[in-house]
Structures are given as C-alpha cells and as structure tokens.
Amino acid sequence: MSTDIFQISPTFYGITMIPKDSWREYGYALLTIAGSDGDVSDPELEWLTIECAQAVGVDESMIADWEEFDFEEGDLEEIFYNFNSSSFANFNKLLIYDAIRMSSADGDYAQDEREQVHHAAQILKVPMDSVMAIEALVDLEHAANKLRLTIF
C-alpha cells in the first residue's frame, strides 16, 4: 500500500481510501471549526488525536501536525481549497459529521461552533437539511451513550 494513501474503516466511514494529505487538511478543518469558540478543549483535541486518528489510521507525524496547527489562523475556504473532497463520495457530509462530533466532545456544541459548521457546510455545498439531520444524529448518539451508561 502506498504511504500516500490510508485505508480507513469502511464499516464506519463507508469509504476505503483517502490520500494522506487530505486527512491532514481534514484535521485542520476540524480544528478550525472546533476552535471557533476561542478554544479547542482537551476533550475535543483528544477526540481528534485519539478517536478519529485511530479510526482513519493516521500516523504520529500527522497527529503532531494537528497538535501544532494554529486553529485561530485557520481559514476554511483555504483549507477546503487544498483538498478535493468532491472526489470521495459523501466526504463533505462526513466532515460535517466529524466537525459536530469533535465540537461537542466536551459536552458543549457552542453557538460559534454551530455557526462555523454551517459556514463549512455552505462552502462544501452540503444542504442545510442534511446538516440538521447530522446534528440530530449526533444528539441521538450522545443520548444513546448516556442511556447505555445509566444501564451498565
């Protein structure tokens, strides 16, 4: 397998091969969105560098790049310009989904984060009804996790 392409979990993400540089930019976009409230909290950063990184199989050097990225200087339009997400089916919706998951990892999907997600969706041409459905899905997943914790 080429080191320029990562195989990711097809059962969760529904896609199998993404160029390595796309994941770098993907992480930068998530950091820019989650940091739009002025802070990337520890739970948000851990979600990216542990949960997401493990799911997509990125290496330590990419995680280090994400950790060093200055989210306050991030420009979504420039970041999205640097990778061609349209070549991967549903990649734009996946980014919106992960942006919401990361932004709410600390228990607070702040208004600034929500507005930045909506701005990203507009740039990526993800319909607002899809964004609302994705937000509802993330809320449902959080509720299911809370229910599971109360049962066990």
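Values below: all heavy atoms of this structure, side chains included; hydrogens, waters and symmetry mates excluded. Numbers here simply count residues along the sequence, with the first being 1.
- Residues Trp47 and Asp98 are in side-chain contact: their nearest non-hydrogen atoms beyond the backbone lie under 4.5 Å apart.
- Looking at heavy atoms from C-beta onward, Leu31 lies in side-chain contact with Leu45 at the 4.5 angstrom threshold.
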Practice item. For Glu25 and Glu78, run side chain to side chain contact (heavy atoms under 4.5 Å, CB included): C-alpha distance rounded to whole Å, both residues' side-chain angles, the deciding distance at 0.1 Å, then the answer. Key: CA-CA 10 Å; Glu25 300 298 322; Glu78 183 178 322; over 6 Å; no
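- Looking at Asp106, its side chain never comes within 3.5 Å of a backbone N or O of Ser41 through a donor-acceptor pair.
- Hydrophobic cluster membership is shared by Ile123 and Met128, with clusters built from Ile, Leu, Val, Met, Phe, Trp and Tyr side chains linked at under 4.5 angstrom.
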For residues 142-152, dump all side-chain donor-acceptor pairs below 3.5 Å to protein atoms at least two apart in sequence or in another chain.
residue	atom	partner	partner atom	Å
His142	NE2	Ser104	OG	3.2
Asn145	OD1	Arg148	NH2	3.0
Asn145	ND2	Glu141	O	3.4
Thr150	OG1	Leu147	O	2.7

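- Linking ILVMFWY residues whenever their side-chain heavy atoms come closer than 4.5 Å, directly or via other members, leaves Met62 and Ile50 in distinct clusters.
- Looking at every heavy atom in both residues, Ile79 comes nearest to Gly74 through CD1-CA, 4.4 Å.
- Phe71 pairs by the ring-ring contact (aromatic ring centres under 6.0 Å, His included) definition with nothing, not counting sequence neighbours.
- Note: Glu115 CD to Asp37 CG = 11.0 Å, rounded to the nearest 0.5 Å.
- Rounded to the nearest 0.5 angstrom, Tyr97 OH and Leu137 CG are separated by 5.0 Å.
- For the atom pair Leu124 CG and Glu77 CD, the distance stands at 10.0 Å (nearest 0.5 Å).
- Across all non-hydrogen atoms, the minimal contact from Leu95 to Leu30 is O-CD2, 3.8 Å.
- Considering all non-hydrogen atoms of both residues, Asp59 and Ser61 come closest at OD1-OG, 2.7 Å.
- Across all non-hydrogen atoms, the minimal contact from Ile33 to Glu113 is O-CG, 3.8 Å.
- Summarising the geometry of Ala34 relative to Ser103, their closest heavy-atom pair is CA-OG, 3.5 Å, with the distance given to 0.1 Å.
- Within 6.0 Å of CD in Gln122 there are 12 or fewer heavy atoms belonging to other residues, nucleotides or ligands.
- In terms of heavy atoms, Ala99 sits closest to Val117 at CB-CG2, 4.1 Å.
- A donor-acceptor pair is defined here as one N or O able to donate and one able to accept, closer than 3.5 Å; such a pair exists between the side chain of Ser36 and the backbone of Asp112.
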Exercise for review: Start with the C-alpha distance between Lys93 and Ile134, add both sets of side-chain angles, then the distance that settles side chain to side chain contact (heavy atoms under 4.5 Å, CB included), and finish with yes or no.
Suggested key: CA-CA 8 Å; Lys93 288 180 184 176; Ile134 294 167; 4.2 Å; yes
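- Contact annotation: the side chain of Met102 approaches that of Val40 to within less than 4.5 Å [non-hydrogen atoms, C-beta and beyond].
- Interatomic distance, CH2 of Trp23 versus CD1 of Ile63, reported as 13.0 Å (0.5 Å rounding).
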Review point. How far apart are the C-alpha atoms of Asp39 and Glu44, what are their side-chain angles, what is the distance that settles it, and do they pass the side chain to side chain contact (heavy atoms under 4.5 Å, CB included) test?
Key: CA-CA 9 Å; Asp39 180 45; Glu44 290 170 337; 5.6 Å; no
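- Two rings, from Phe69 and Trp66, have their centers 6.0 Å or more apart.
- Rounded to the nearest 0.5 angstrom, Glu73 CD and Thr32 OG1 are separated by 10.0 Å.
- Residues Lys125 and Asn92 have side chains not in contact (no heavy-atom distance under 4.5 Å, counting atoms from C-beta outward).
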